[in-house]
Protein chains: 2
Amino acid sequence: MTITIRDVADAAGVSTATVSRALRGLANVDEQTRARVQQVAVDLDYVISPSASRLASGRTGSIGVVTPYIARWFFATVLSGVEGVLQNAGMDLLLMSVSSADGHLRLPPAPRLRRRVDAVLAISLPPDDPQLTEVLALGMPTSLIGTQRAGVPGVTIDDVQAGRMATQHLINLGHTSIGVIGGYQVDALHTAEHDRYRGYVQAMQTANLPVDRNRETYGYFTVTGGEQAMTQLLTHPNRPTAVFVMSDEMAFGAIRAMRAHGLTPGKDISIVGVDNHDLAELLDLSTVAQPVADMGRIAAESLLVQLRTGAANSGLESLQLPTQLIVRGSTAPVA
Amino acid sequence: MTITIRDVADAAGVSTATVSRALRGLANVDEQTRARVQQVAVDLDYVISPSASRLASGRTGSIGVVTPYIARWFFATVLSGVEGVLQNAGMDLLLMSVSSADGHLRLPPAPRLRRRVDAVLAISLPPDDPQLTEVLALGMPTSLIGTQRAGVPGVTIDDVQAGRMATQHLINLGHTSIGVIGGYQVDALHTAEHDRYRGYVQAMQTANLPVDRNRETYGYFTVTGGEQAMTQLLTHPNRPTAVFVMSDEMAFGAIRAMRAHGLTPGKDISIVGVDNHDLAELLDLSTVAQPVADMGRIAAESLLVQLRTGAANSGLESLQLPTQLIVRGSTAPVA
DNA sequence: TTGTAAGCGTTATCAT
DNA sequence: ATGATAACGCTTACAA
């Protein structure tokens with residue numbers, strides 16, 4: 001019923017081995033033969049059975065993308081970059097979310113990944129995350145996006161620099177009382193937010209400005225989280241005149257909080273975010289732009305290279321992409 | 001090296017057949033035996049080979065999600081709903097984007113889907129799209145999200161009603177000169193935008209208001225597209241006093257265009273969108289909310305049912321989820 | 001360059 | 001309830 005390599009072989013008058021070689025573009029196949037086989041395959045509307053191929057070859061031809069979120073801008077944008085590259089390479093993309101945020105108790109990714117993918121792409125998993133550790137223990141090529149871990153290739157931006165740029169921008173505008181809205185806890189090691197915080201501290205200290213932990217809040221990288229964090233800052237005794245927000249989405253929330261308090265971004269308090277979200281321009285938000293889709297593309301390509309090279313986690317170390325400060329109306333000289 | 005069902009069978013002192021039954025929870029297995037087998041499997045850290053299982057059973061245990069976009073809010077949100085359900089059901093999610101928007105000439109989905117998934121979930125593919133037709137010709141269970149096609153189960157909202165609600169809201173506010181920003185071409189049959197347009201026309205005609213095609217523009221469902229469309233409307237001889245925009249993202253662009261012209265949403269021109277995008281509230285945008293993540297969840301669940309029932313496209317017809325008008329500051333009584 | 005044939009690790013049929 | 005064993009459809013040494 002379903003047509004197999006056997007049928008193609010018979011129709012083309014060759015062996016299944018030759019069909020296999022011809023169709024996969026291997027060398028050592030007479031071009032005449034190859035052409036004939038290809039033609040027959042098309043005529044018969046032959047489609048290879050991935051399962052059989054995988055079983056026989058040991059390769060799955062698919063890569064797993066592990067991400068804590070799907071619907072958030074950063075993750076969706078990275079994912080779209082990854083998808084483009086993988087589809088182009090003829091690889092299957094197995095999408096797997098890890099995160100109990102939506103209530104479900106999810107199985108750890110490692111067991112779900114075993115034997116079903118050739119490589120893994122992990123988006124913004126904290127480098128010390130035990131789930132990540134388990135995945136790495138699987139021993140397959142792995143690439144990290146947004147975070148760094150020794151010995152594992154990946155793509156990030158220079159988060160320290162991003163934090164420094166954003167903060168320095170505020171300092172340059174004359175601000176001395178500068179607050180921070182982070183994600184969860186800036187103390188976690190090696191995460192993007194920690195690095196961004198370090199950049200903030202560097203800039204402040206270089207300018208001999210006080211780093212006041214009372215002006216540090218967390219917005220959980222969500223709009224509403226940012227709104228709450230900003231509200232907290234606004235109700236603080238001596239509120240900051242400027243705030244470095246570690247993501248645009250949180251900054252959007254912060255802007256909303258300001259409006260609720262009758263305050264105008266840029267005019268009353270300066271706000272600078274990170275990402276250059278699609279809507280940052282619309283909201284006139286100053287931000288440190290990062291090439292999100294490119295991060296996905298490049299990480300995916302690096303993974304394909306690892307796969308071809310055969311060497312797991314070899315050679316390619318962590319790559320840092322450039323960021324760019326984009327000044328808009330949400331930041332202005334201190335009154 | 002890699003441990004197989006054979007190893008488990010030997011260690012448990014049973015045949016591979018029994019191991020297979022025991023581990024899959026089939027009936028006709030002594031519970032004592034099952035328990036022992038399970039224990040051995042755990043001890044040996046046995047993981048089934050999906051390829052072998054698929055080859056032998058003919059089922060892939062994975063479903064393909066076909067979408068034109070990944071990074072756009074609606075699609076990413078649907079996708080996250082789908083992913084949650086599938087992961088919960090132990091199904092693999094194969095993500096496949098169709099769209100030449102990012103430059104790549106992509107292979108049609110049907111050949112890429114054949115023999116590698118058990119079912120397909122298509123997000124917002126026009127019902128008359130030849131690619132969709134090819135996918136359906138594959139004869140596997142398929143579910144549509146956001147569009148309807150005779151004989152194919154799916155989940156949508158009542159787009160006619162959505163268009164009517166939005167428009168009627170503007171009419172209720174006293175507007176008589178109402179423009180439209182659609183996606184591509186509202187003439188395409190059965191697409192969401194066509195239905196929304198029909199709803200608009202219904203409302204206008206019921207109110208004895210003129211439907212002026214000069215006040216119909218297209219924003220390609222993007223922010224910048226919406227901006228351009230709005231700009232076009234604004235530079236029109238007699239501009240509308242209110243605009244029904246078929247998606248929030250386009251509405252965001254429209255708002256930006258208004259600002260560029262020194263106009264304020266709600267005050268100078270009323271704007272109502274569709275979606276209730278995460279940032280709609282922030283931008284004070286009135287909109288017709290649709291339960292996007294739910295659409296993904298429900299469609300995925302319906303697909304799982306089809307898979308279990310075994311009947312392709314049987315029973316379950318298209319399901320419509322309720323929408324809700326959310327009134328915010330971007331719509332106000334006509335001056 | 002091409003063919004032969006032994007796997008690859010399950011599932012499922014048919015006995016027992 | 002359990003066991004033998006024939007598929008499942010391809011890849012890949014090894015031969016020729």
Side-chain angles (χ1 to χ4, degrees), chain A residues 1-41 44-62 90 92 111 114-118 307 310, chain B residues 1-41 44-62 90 92 111 114-118 307 310:
Chain A
M1 220 220 68
T2 62
I3 106 131
T4 76
I5 199 175
R6 181 72 273 150
D7 301 314
V8 177
D10 291 348
V14 297
S15 71
T16 60
T18 298
V19 173
S20 180
R21 296 185 195 107
L23 258 28
R24 281 184 299 154
L26 295 190
N28 297 328
V29 174
D30 186 279
E31 284 311 320
Q32 307 269 328
T33 310
R34 190 195 302 281
R36 182 155 38 91
V37 169
Q38 286 173 332
Q39 186 56 53
V40 169
L44 264 45
D45 197 24
Y46 168 69
V47 175
I48 197 176
S49 158
S51 326
S53 173
R54 289 167 188 187
L55 179 57
S57 70
R59 288 172 247 103
T60 66
S62 59
D92 284 351
R114 286 185 59 182
R115 293 175 147 240
R116 42 188 69 217
V117 300
D118 295 335
L307 243 26
Chain B
M1 223 220 63
T2 61
I3 105 133
T4 76
I5 199 175
R6 181 74 272 152
D7 301 313
V8 178
D10 292 347
V14 295
S15 71
T16 60
T18 298
V19 173
S20 181
R21 295 185 195 107
L23 259 28
R24 281 183 300 155
L26 295 190
N28 296 330
V29 176
D30 186 279
E31 283 310 320
Q32 307 270 326
T33 311
R34 190 194 302 281
R36 183 156 36 91
V37 169
Q38 286 173 332
Q39 186 55 55
V40 170
L44 264 45
D45 196 25
Y46 168 69
V47 176
I48 197 177
S49 159
S51 324
S53 174
R54 288 168 187 184
L55 178 57
S57 71
R59 288 172 247 104
T60 67
S62 59
D92 285 351
R114 286 184 58 178
R115 292 173 150 245
R116 42 187 70 216
V117 300
D118 295 335
L307 243 25

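Residue numbers begin at 1 in each chain, while the letters A, B, ... track the order of the sequences.
- Distance A/Leu55 CG to D/dC10 P: 12 Å, rounded to the nearest Å.
- Whole-Å rounding puts the A/Asp10 CG to D/dG9 P distance at 14 Å.
- Spacing between atom CZ of A/Arg116 and atom P of C/dG9 amounts to 16 Å, rounded to whole angstrom units.
- Across A/Thr2 and A/Asp7, no two heavy atoms sit closer than the pair O-OD2, 4.1 Å.
- Across all non-hydrogen atoms, the minimal contact from A/Thr16 to A/Ala9 is N-CB, 3.7 Å.
- Here the P atom of nucleotide D/dC10 and the CG atom of A/Leu23 are 10 Å apart, to the nearest Å.
- Shown here for A/Val37 and A/Leu23, the closest heavy-atom pair between the two residues is CG1-CD1, 3.5 Å.
- Counting heavy atoms from C-beta outward, B/Val14 and B/Thr33 have side chains that approach closer than 4.5 Å.
- If you take CZ of A/Arg114 and P of C/dG9, they are 13 Å apart, rounded to a whole angstrom.
- In this structure, the CD atom of A/Glu31 is 14 Å from the C1' atom of C/dT2, given to the nearest Å.
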Report all interatomic pairs (protein N or O, nucleotide N or O of nucleotides 12-16 of chain C) with separations under 3.5 Å.
residue, atom, partner, partner atom, Å
C/dA12, OP1, B/Arg59, NH2, 2.7
C/dA12, OP2, B/Arg24, NH1, 3.1

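- Distance from the side chain of B/Ser53 is smallest to C/dT11 among C/dT2, D/dT2, C/dT11.
- Between B/Thr4 and B/Ser49, the closest side-chain pair of non-hydrogen atoms is not below 4.5 Å.
- Summarising the geometry, the separation between CZ on A/Arg6 and P on D/dA7 is reported as 15 Å, rounded to the nearest angstrom.
- In terms of heavy atoms, B/Arg34 sits closest to B/Arg21 at NH1-O, 3.7 Å.
- If you measure from atom CZ of B/Arg54 to atom P of C/dC8, you get 20 Å, rounded to the nearest angstrom.
- Nearest approach of B/Ile3 to A/Arg115, heavy atoms of both residues: O-NH2, 3.5 Å.
- Closest contact between the side chain of A/Asp30 and the listed nucleotides C/dT10, C/dT2, D/dG3 involves C/dT2.
- For the pair A/Tyr46/A/Ile5, a side-chain contact is recorded, criterion being any heavy-atom separation below 4.5 Å from C-beta on.
- Of all non-hydrogen atoms in B/Ala52 and A/Leu55, the two that sit nearest each other are CB-CD1, 3.8 Å.
- The stretch residues 44-52 of chain A has no heavy atom under 4.0 angstrom from DNA chain C at all.
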